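Presented below is the structure to which this report refers.
Here the structure is a predicted model, which is why all the values come from computation and not from measurement.
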Amino acid sequence: MAYNTRAPQGGKKNPTKGGHKKVGGPSAKHRGYQPEADAARSGKKPRWSSEQRVANGLGADRPRGQRPERGDERPNWEPRGKDARASVERAPAARKRDGGYGRRDDRDDRGSERRYGDRPRRDDRGYGDRPAYGDRPRANHGGDRPHRLAGDRPQRGSYGDDRARRDDRPARDERPRSDADRGQRTERTRYDSDRPRREDRPRYDDDRPRYDDRRSSSDDRRGGYRDERPRRDYSDRPRRDYGDRPRRDDAERAPRPMVEDVVLERLEAQATLASDVEGVTFGDLGLGQNIVRELAELGATAPFAIQAATIPDVLSGGDVLGRGRTGSGKTIAFGAPLVERLLTMQAGDNKRREFGRAPRALILAPTRELALQIDRTVQPIARSVGLFTTQIYGGVPYARQLGALERGVDIVIGTPGRIQDLSASGKLDLSKVVITVLDEADHMCELGFAEPVTEILDRTAEGGQRLLFSATLDKGVADIVERYLTDPAVHEVAGEDQASSTIEHRVLLLDQRDKQEVLIELASGPGKKLVFARTRAFAEQLADLLDDAGIRAESIHGDLNQSRRQRALDKFSNGRVTVLVATDVAARGIHVDDIGLVIQADAPDEYKAYLHRAGRTGRAGKDGLVVTLVPRNRRRRTEELLKRADIVAEWTPVEPGDALIEELAAR
DNA sequence: AAAAAAC
C-alpha cells in the first residue's frame, strides 16, 4: 500500500475551511483558472503531491492511481555535493498568479499608478485576511498611495501610520540629505580604510594554508579568487575550541554552571574529522541494505562526517547530541538510523503493520516547512523498509492527519503545536514513542518552544531514546538534556569554522533611507536571492517594493496562511520568482537549491540567527554570499553580532548606484 | 521586541 500516509483524506471538501479561522481563500474562479502562458512555458506540468494539492486548496481528491511514482518526485534531502538534486518538491508550474483579485481588493486602486501596470498583480499575497493588518483601513491608500520605487519616497500617512511601525523606519520626507550626512559618509570611508579589527579576530589561515589565497584578507576578496580556491579539506584542521565560543547573554547570566559545563565538555569530547570517515560506507555504519540503497537514490552515496559520527550511536540506542553546520546532512544523520532502529526493534513483531498502531518515533521541528522537508527525506527511507510516516502540523485541516493516524503510522514528523493538540485530545498516542528527535534542538529549547516540547516529551515512552540536532547546538539545551536524556553521546564535526566555510560575508554600511534602493539594486541580478527581514510587515513591504520595481518577489512569514507560505516557497524553489523575502520562519533548516545570495535587509538580533540565515546559501560545498545591510546607527551592534557568530566580514560604506552593489548582485 | 508554534 504505497503512500498510505499520504493518501487523500477528506474528499472534495474545501480544505481551507477547517484550517484557517479567516474568511475563505481566493474565489473558485481563482482556484480553477489555468494560465495558458504558464502551461505553455513549462510544457509538461509537474504533478502535485496530495499535500500540495491540499495546501493549494485544490482538494485531495485525486484518485490514488494518479499519484506520482516516487521517481517522479523530487524528494528533499540534505544536499550531497555534486550529486545534489533539487530538493524542494516541484510545485505546480501552472499556477495562476494574476487571476482573481479577491484577496487584494484593498489594493485594487493601486493599479492605476503602478509603473509596471502591465505586470501581473500581486493578488496572491492576501493582506486582507491577516490579523496584523486587520485594522488597516481598506483602500485608504488607493489613490494617493505613492509608488515605492526608490527615489520616489512614500508619503507618510499613506500606509506608514498604520502599517509597519518600525523604529528605524526612515522618515524620508522629513530628512533631507544634510551636510552632516555627507560628513559622516566621509567618516565612514575613513573607518573602512583604517579598520583594524580584522587583525584582532581569529586568523585561521595561519595553520590552514589552503585558505591563504581565499578569504584571509579583504583585498583578496575583490574577485578572481574563486577559481583558484582549493577544494575543502578538513584533514588537518584543528578541533574547534568551544572555550572561545561566544555565549548567549542570558545563558551567561543564568547560573547553572554544573550542567552547562558538562554539556560543553561533552561537545568538545567527540569531534569527528572528515578524514576519519573517508572510505566509510553507510553499510559500514550499520544501516541495512534497503536503506543504503534508498540513500543512494536520494543522492547520499557516502556518509558525511556528521552522519558517520552519529549513526552508530543512534543505532546502539543511546541518546545523541549532534552538531553539524548548516547543510551538512543532519537530516539523514538522524533519519536513516532512526528508521533502521525501528526496524530492528520490531523484528519478529507480527503486529507491526497493525491498523491504528501508535507511532514509535517522533521528529519535532520548529516550522511547518521544515517538518515537511524532513518528511521528504525520511519518508522514502522509511518506505524502503515498509514503515510509514505522517506529517502533523498546524495550519491545515485535521481530517487528513487524523485519517493517517487512524490507519496507523510508525513515524510522526511535525511541529509542536498540532502534535500537542492532537496528543492532548487523545487522537495521537505518544506513549509508544521510543525515539524522539528534536531538530534545531537549541531553538526548540528556547522560550516559547520549550514548554510544548517538554509536554510532548513527557507523553513519550519513559526512557525512550532522544536525539538532539542543530547547527548551533549549545548549552541552551542543557535543561532538556538533563531532564530527558541519559548519558548522551555528543558529536560534532571538527574544523567547522568560518575559514572552512564556502560562504563569504559582507556588510554594506548605508544610510537608513537608502536601504530600500540598495536592496532593489542588490536583488536585481538573475540568481536566486533570499532576503531576510526582521518583521512580517517589513518582509511584506519589501516584497511589494521589489515587485513594484520589476523584480519578481514573494514573501513568506507567519502572517500568511499555510498554502501561501508553501506556494511562495515552491515558487522560489522552482525559480518562478528569483527573490523570496522572509522572516526567520525561513532561517532554519529550509533547503532551496542554488541560493547564491542571502541579503539581510535587517541584521538579526542573535548570532545564531545570523548563522542559520547565512546557511541558506553555500550549501553542499557551493559558494555563497551573505550581504547584510546595516544603517550607521546599528554598526556597533552588528559588529558585536558578527563577533559572536565568529564571522569575519568585509565592511563597505555604500550609496545607491555604487558599482560594488551591482557586482555583488551579479553573483 | 519579534518570530515561530494550535484553534
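- Residue A:Glu451 contributes atom CD, which lies 20 Å from atom P of B:dA3 at whole-angstrom precision.
- Contact annotation: A:Thr415 does not reach the phosphate of B:dA4 (side-chain N/O to OP1 or OP2, under 4.0 Å).
- Between the NE2 atom of A:His612 and the P atom of B:dA4 there is a distance of 16 Å, given to the nearest Å.
- A:Gly448 comes within 4.0 angstrom of a nucleotide base, judged by non-hydrogen atoms across all strands.
- With B:dA2, B:dA6, B:dA5 as the choices, the nucleotide that has an atom nearest any side-chain atom of A:Thr535 turns out to be B:dA2.
- Closest to the side chain of A:Arg536, from the set B:dA2, B:dA3, B:dA5, is B:dA3.
- Following rounding to the nearest Å, A:Leu428 (CG) and B:dA6 (C1') show an atom-to-atom distance of 13 Å.
- Contact annotation: A:Arg368 side-chain N/O to B:dA6 OP1/OP2 distance is under 4.0 Å.
- Residue A:Val409 is tested with A:Ile392, A:Leu428, A:Thr390 for a side-chain contact (heavy atoms from CB on, under 4.5 Å); the sole match is A:Thr390.
- Distance from the side chain of A:Asp421 is smallest for B:dA6 among the nucleotides B:dA4, B:dA6, B:dA1.
- In the model, A:His557 has a side-chain atom that pairs as donor or acceptor with a side-chain atom of A:Glu540 under 3.5 Å.
- Residue A:Pro366 is in sugar-phosphate contact alone, with no base atom involved, counting any heavy-atom pair closer than 4.0 Å across all strands shown.
- If you check the side chains of A:Asp646 and A:Tyr607, you find no donor sitting under 3.5 Å from an acceptor.
- Residue A:Arg565 is classed as a sugar-phosphate contact, given heavy-atom separations below 4.0 Å to backbone atoms only.
- Rounded to an integer number of Å, the gap from A:Phe538 CZ to B:dA2 P is 15 Å.
- Using a cutoff of 4.0 Å between basic side-chain nitrogens and carboxylate oxygens, A:Asp594 and A:Arg619 are not scored as salt-bridged.
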